[in-house]
Amino acid sequence: MEMSEHTQRKYALLYTILGACFGLCFPIVAALLGLWQEKMALTFSNALLLYRNDALLRIIGTAPLFLGLFAYLAGSREDRLREMHAKLENLTARRIGETKQALLRELKEANLLRYVIALTATAEEPLDIFDEICAQLAGFFEIPQAAFALLDEEQKQSLVVAEYCAPGRPSAKGIVLPVTGNPSMAWILEHKKPLAILDVQRDSLMAPLRDIMQQRGVVSILIAPILVNNQVLGTIGLDSIIKRTFTDKEISLVEHIANQIGHAIQRRRAEVETARQKTYFEALVQNSPVAIVTLDRRCCITACNPAFERLFGYRQEEIRGQNLDALIAPPDEQFQAAQYTQEVMFGQRVHGIGQRKRKDGSLVEVELFGVPVVVADEQIGILALYHDITELMEARRQAEAAAQAKAEFLANMSHEIRTPLNAVIGMTGLLLDTPLNQDQRDFVETIRTSGDTLLLVINDILDFSKIEAGKMSMEQQPFYLTSCVESALDLLTPKATEKGLELAYTFQENMPNKWIGDVTRLRQVLVNLIGNAVKFTEKGEVVVSVSCKNLDEDVYELHFSVRDTGIGIPAERMDRLFQAFSQVDSSTTRRFGGTGLGLSISRSLVEMMGGKIWVESEVGKGSTFHFTIRAKTAPATSLLHPRGLQPDLEGRSILIVDDNATNCLIVSRQTKSWGMEPQAVTSPKEALEALQGEKRFDAVILDMQMPEMDGLALAREIRKLPVGKELSLVMLTSLGGRPTDEEGLGFAGFLTKPIKPSYLFETLVSIFTNRPRAVTEKPAASSLDHKLGERHPLRILLAEDNVVNQKVAVSLLQRMGYRPDVVANGMEVLEALRRQQYDVVLLDMQMPEMDGEEAARLIVKRWPASQRPRLVAMTANALEGDREHYLSSGLDDYVSKPIRIEELKRALEESPSLVSGSSQMNSKEEVA
Ligand code: ADP
């Protein structure tokens, strides 16, 4: 300004002087000209004289004044112009300066950022660069201190890990600050953005840190969070010792840098994790006892682990790049190996067992796995794993050989034991057919029953060892569930009747009846469980229930339960129950007999049928054994007993009288499902009351065995009632207990317990339709001809390997009055025939060692037709043409399994008694 004032005056003055001087020339020249014109002497007084007289000259004399004035104006203008110019120049210079400053700052900022980015991108360890970044920040912001603090994992406290600290200032490194009670930190954790504080002594957020700040002389601060995945990992803090505002731009710069560092930390963490995993997997591969080799897409080896080198004898360097299959697959495994490789190349996993060749040419047994290696959806190669199983295979071969030896030993043993035992049993049979006094007869019978029991035990053990040796296979044949359960119950009915136990069974309504599975094994389990239930129950009942659950299309889970009211099993013994040779306590064994194998065999069988077995029990109250199996329904499945409303039965009311509540329930439920109206009472007294009441009944089902008054007596009482005269009465009897209706009480039907729904149905329908029953009841009990053995004595040899089938056949034959001898295979048949004579041999066709067909062929060859027994085939192979086939191989007759009583009876009746002498004796004896 000073300068411009000076300039202003300068030109105005200069121009004025010059103007005035130039103006002065006019009066001087005019005076000279005037003097010269007047020829006056050139003196000042002449000149003055001239001026005084000449007005023109006086006018000319003012020229310096005017010209000076004009020049002043021009000078002033010049001054003003100069001044404006200078101002403009100044302004321009200032603007340029400012722009330069801003550019510089931006450059510095950009440099800083670029620098931080470069640092973080290249840093091995972010911690290493923190100090450097702090220094850069401090330099940029021209502050004495900048620091990084990291939060611990639980975000409980922060620790200053890096800093820049101007010389002479106290270092902050290592300072730990708790997060709780630190509002500024809490604010950052919550808002996840930078916090700038102008005056730390005044700001409430900094209250707890005021003292520290004062000590350190900090006035203003900026704190920015380091975020990783939106989580605060730590902070950057800038301390200013003078009051300083951080501009938005500065804040966002720091935020940017913090982000950059967050990325670096995150990247580093991922790298560390990847490296850790890599090391881990490398260690795994390197130390794995399994030989591992990796192949590229052309199936060439890229790497292998030390186990591979050890197993095959190659070093990694020498096989890299070679084709794996060509290297280690022996010639006769080449094809298979190539196939495996192909499969893995197509993205499948393979698992197999085979042989591979070592470098020295020797072979090694391996279990191998092939896995495709896929990276980002692209298969980049194959991983192949080899596990040396030479020893395992050897052990397996040995184990198999041992199992084989064991099975053979057991087969031999049981054969060895059975042969003399069969002789003992057979001979006692013969002995029983000779005249004996009562004592002798008792002794011989004891030997005979003990022999029979011993045979059963041996068969159990053989069965068990077969399962143990894995020799038991399951059949898959269609069968009817009802006949399976009923035949199992039939087998135990005599024993139950003898003990006065009620036997009953129920099926879930509307369940399919025709299944595919191994009916013999299923029946074996049922016989075991029902047998145990009967064995361990003194009074009460044994109830079998069957239900099913659909699993998938035609696959079901069948659930069986056998409930008894017997002695029960203490809780602490239950877990051992299903182990071999375990009995609840040895005293029970003595009292009840048994090998303790039944449940163990049952468990194995059930497991082989895809199910499980368990027990619930309470001592003194009874036990319920449950088991499940998986089975498919057979095509063209028929449903269990007639289902749904039955027009002939619908609406009929029926009175059920049975002291056993379970039976009442079962009959009630069954008849209800046919649309009938059942009413059940548990005593004859109630029955009579009910009959005399309001309600009319169409029929009464009454139990024969009831305390107080038996069925006959009740029937008699009913007939005395006015409503009872014409009432249809159906009598429930236990096996062998069918009463003869001598008094003409007129029973409409008899049913044997356990009640078979089909018979119940037929009986009821026949009553209400007044037509004769379509199906007369044919349970073993009622239609069995107990006297057949007397009328038509025969010596029978039964050859059957299956324990349950043996039991079934023996029980039937015994109830017909026969005493069969039992053998378990064709060889034993031949031995028995060599020892003694038989009239009939019932030959199971499928038996181990020597089957029935082979035995028949040998018998036909060895004995003339007149001397050999009649050979009757028993087989489940009831296919078209089987009968002809068997008959052509020397067998005389054929009964199908499961055995039907009429068929067996017919076959026996058609067999002539060959051994006339002894049978004669037998009948004579019996007559005597
Ligand atoms: P065993 O041939 O001796 O009967 P099991 O394996 O069939 O062998 O049974 C093992 C033991 O389990 C039996 O000895 C008996 O103590 C106990 N047990 C089995 N079933 C029952 C049951 N229904 N009630 C009470 N105890 C039972």
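No experiment lies behind these values; they were computed from the predicted model shown. When a ligand or atom number is given, it counts from 1 through the structure's own listing order.
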Would Glu541 and Arg563 count as a salt bridge (charged side-chain N to carboxylate O under 4.0 Å, His left out) here? Give the steps.
CA-CA 8 Å; Glu541 58 186 22; Arg563 178 173 62 78; 3.1 Å; yes

Contact between ligand 1 and [X] is defined here as a heavy atom of the residue under 4.0 Å from a ligand atom; is it met?
| X | result |
| --- | --- |
| Phe578 | no |
| Asn528 | no |
| Gly566 | no |
| Arg573 | no |
| Gly568 | yes |

For ligand 1, note which part of Asp564 has a heavy atom under 4.0 Å away: side chain, backbone, both or neither.
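Only the side chain of Asp564 comes within reach of ligand 1.
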
Measure up the His626 and Trp614 rings against each other and bin them: parallel (under 30°), tilted (30 to 60°), perpendicular (over 60°).
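Parallel, since the angle between the ring planes stays under 30°.
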
Short N-O contact, [X] and [Y], less than 4.0 angstrom:
| X | Y | answer |
| --- | --- | --- |
| Asp821 | Arg448 | yes |
| Glu831 | Arg835 | no |
| Lys756 | Asp490 | yes |

Which atoms of ligand 1 have any heavy atom of Ala533 under 4.0 Å away?
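Taking each heavy atom of Ala533 in turn, ligand 1 has 23 (N) under 4.0 Å.
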
Give the atom numbers and elements of ligand 1 that come within less than 4.0 Å of a heavy atom of Lys535.
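Counting atoms of ligand 1 from 1, those under 4.0 Å from Lys535 are 1 (P), 4 (O).
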
Check each of Ile569, Ile567, Val534 against atom 26 (N) of ligand 1 and report the one with the nearest heavy atom.
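The nearest heavy atom belongs to Ile569.
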
For atom 7 (O) of ligand 1, the option (of Val619, Val542, Leu597, Asn532) bearing the nearest heavy atom
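Among Val619, Val542, Leu597, Asn532, the closest heavy atom to atom 7 (O) of ligand 1 belongs to Asn532.
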
Could you go through Lys535 and Asp564, starting from their C-alpha distance and side-chain angles, then the distance that decides it, and tell me whether this counts as salt bridge (charged side-chain N to carboxylate O under 4.0 Å, His left out)?
CA-CA 10 Å; Lys535 186 155 80 171; Asp564 65 45; over 6 Å; no

For ligand 1, find out whether one of its N or O atoms is nearer than 3.5 Å to an N or O atom of Phe625.
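No, no N or O pair falls under 3.5 Å.
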
Any N or O of Ser600 that comes nearer than 3.5 Å to an N or O of ligand 1?
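Ser600 vs ligand 1: no N/O contact under 3.5 Å.
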
For the student: nearest non-hydrogen atoms of Ile796 and Leu842, plus distance
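Minimum heavy-atom separation between Ile796 and Leu842: CG2-CD1, 3.9 Å.
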
Would you say that Leu481 contacts Leu558 through its side chain, given a criterion of any heavy-atom pair below 4.5 Å between the two side chains?
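Side chain of Leu481 against side chain of Leu558, heavy atoms only: contact under 4.5 Å found.
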
